[in-house]
Amino acid sequence: MAMSGAPARTEWIWIRHAPVQGQESRYYGHLDVAPEPVDPALAAAIARRLPAVAVWLSSPLTRTRATALALRPSADPIPVSDFNDQNYGLWQGRGFNDVFAANRTLDWTHPAEILPPEGESFVDVATRVFDGIERLTAHYAGHTIVSVAHANVVRAAIAHALGIDLATALRIEIAPLSITRLGCRIVDGAAQWSVGCINLELAG
């Protein structure tokens, strides 16, 4: 039972979107590719883990909004540009192996800092994700937020909560339709984050 006067907890429930169609082993980033249909039994299993009342967010891309509606048909997720997928620029639509073979001189041992031509690095992604989390945590203080997003956005959210470096965050597996729960209380003006689960996968 919470103590009277305890700081309000803001709960973040991050869900990675459903798998996409025809983009295996490719950089698809800002491409607005469609998600695969979510199995109704799996959607119901995930929905049972979600609160009846929550603020729903998504990225501006179809695959996150469609996933949100598959999980909660009555949801009207607010699109948040800070939570868009990574922009891979001229690499978008190209295969991982093809890009690697054509860019062997890049320092692939530090992937968070690699900047695709006309795109953004994971460091850039994390910067905007951090800004969005801090702004929306303040705006929706004490509420539960369900945010349907992309793997690298969820990794950035975990890095923000745990204070880990971005190279480490990129090693975290975030499966399609997995759940990551992060909580925040503001104590003496400082955010105190906790982690409920990371990459929780449910069966239908």
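All residue numbers refer to positions in the sequence shown, counting from 1.
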Are more than 12 heavy atoms from other residues, nucleotides or ligands located less than 6.0 Å from atom CG of Asp107?
->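 Atom CG in Asp107 is crowded, with more than 12 foreign heavy atoms closer than 6.0 Å.
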Taking everything shown except Arg135 itself, do over 12 heavy atoms lie less than 6.0 Å from its CZ?
->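 Yes - once you tally the heavy atoms of other residues, nucleotides and ligands closer than 6.0 Å, there are more than 12.
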Closest heavy-atom pair and its distance - [X], [Y]:
X      : Y      : value
Asp131 : Asp82  : C-OD2, 4.4 Å
Ala156 : Ala126 : CB-CA, 3.9 Å
Leu182 : Ala157 : CD1-O, 3.6 Å
His150 : Ser59  : NE2-OG, 2.8 Å
Pro176 : Ala18  : CB-C, 4.2 Å
Arg155 : Ala169 : CD-O, 3.3 Å

Check for a donor-acceptor pair, side chain of [X] on one end and backbone N or O of [Y] on the other, with a separation under 3.5 Å.
X      : Y      : answer
His143 : Ala141 : yes
Ser178 : Ile174 : no
Arg26  : Gly93  : yes
His30  : Asp85  : yes
Asp39  : Leu42  : yes
Thr64  : His17  : no
Trp56  : Arg65  : no
Ser121 : Ile114 : no
Gln192 : Arg185 : no
Gln86  : Val125 : no

How far does [atom1] of [X] sit from [atom2] of [Y], to the nearest 0.5 angstrom?
X      : Y      : atom1 : atom2 : value
His160 : Thr137 : NE2   : OG1   : 7.0 Å
Ile198 : Leu162 : CD1   : CG    : 5.5 Å
Thr62  : Asp32  : OG1   : CG    : 3.5 Å
Trp14  : Arg181 : CH2   : CZ    : 14.0 Å
His110 : Leu170 : NE2   : CG    : 12.0 Å
Leu115 : Asp124 : CG    : CG    : 6.5 Å

Chi angles and distances behind the side chain to side chain contact (heavy atoms under 4.5 Å, CB included) call for Ile158, Val195 | CA-CA 8 Å; Ile158 295 167; Val195 177; 5.9 Å; no
Are [X] and [Y] in one and the same hydrophobic cluster, where Ile, Leu, Val, Met, Phe, Trp and Tyr link if side-chain heavy atoms are under 4.5 Å apart?
X      : Y      : value
Phe83  : Leu31  : no
Ile164 : Trp193 : yes
Trp12  : Val148 : no
Val38  : Ile13  : yes
Val154 : Val55  : yes

For Asn199 and Ile172, what are the C-alpha separation, side-chain angles and deciding distance, and is it a side chain to side chain contact (heavy atoms under 4.5 Å, CB included)?
-> CA-CA 8 Å; Asn199 195 40; Ile172 299 172; 5.5 Å; no
Do Asn87 and Gln92 have side chains that get closer than 4.5 Å, going by heavy atoms?
->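 Answer yes - side chains close enough.
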Tell me, do Arg9 and Ser194 make a side-chain contact under 4.5 Å, heavy atoms counted?
->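 Yes - at least one pair of side-chain heavy atoms lies under 4.5 Å apart.
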Evaluate the ring planes of Trp91 and Tyr27, with Trp represented by its six-membered ring, and classify them as parallel (under 30°), tilted (30 to 60°) or perpendicular (over 60°).
->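 Because their plane-to-plane angle lies in the 30° to 60° range, the rings of Trp91 and Tyr27 count as tilted.
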Could you walk me through whether Ser81 and Asn84 pass the side chain to side chain donor-acceptor pair (under 3.5 Å) test, one step at a time?
-> CA-CA 5 Å; Ser81 59; Asn84 207 346; over 6 Å; no
Please assess Tyr28 against Leu61 for the test side chain to side chain contact (heavy atoms under 4.5 Å, CB included), listing each intermediate value before the final yes or no.
-> CA-CA 11 Å; Tyr28 50 91; Leu61 297 176; over 6 Å; no
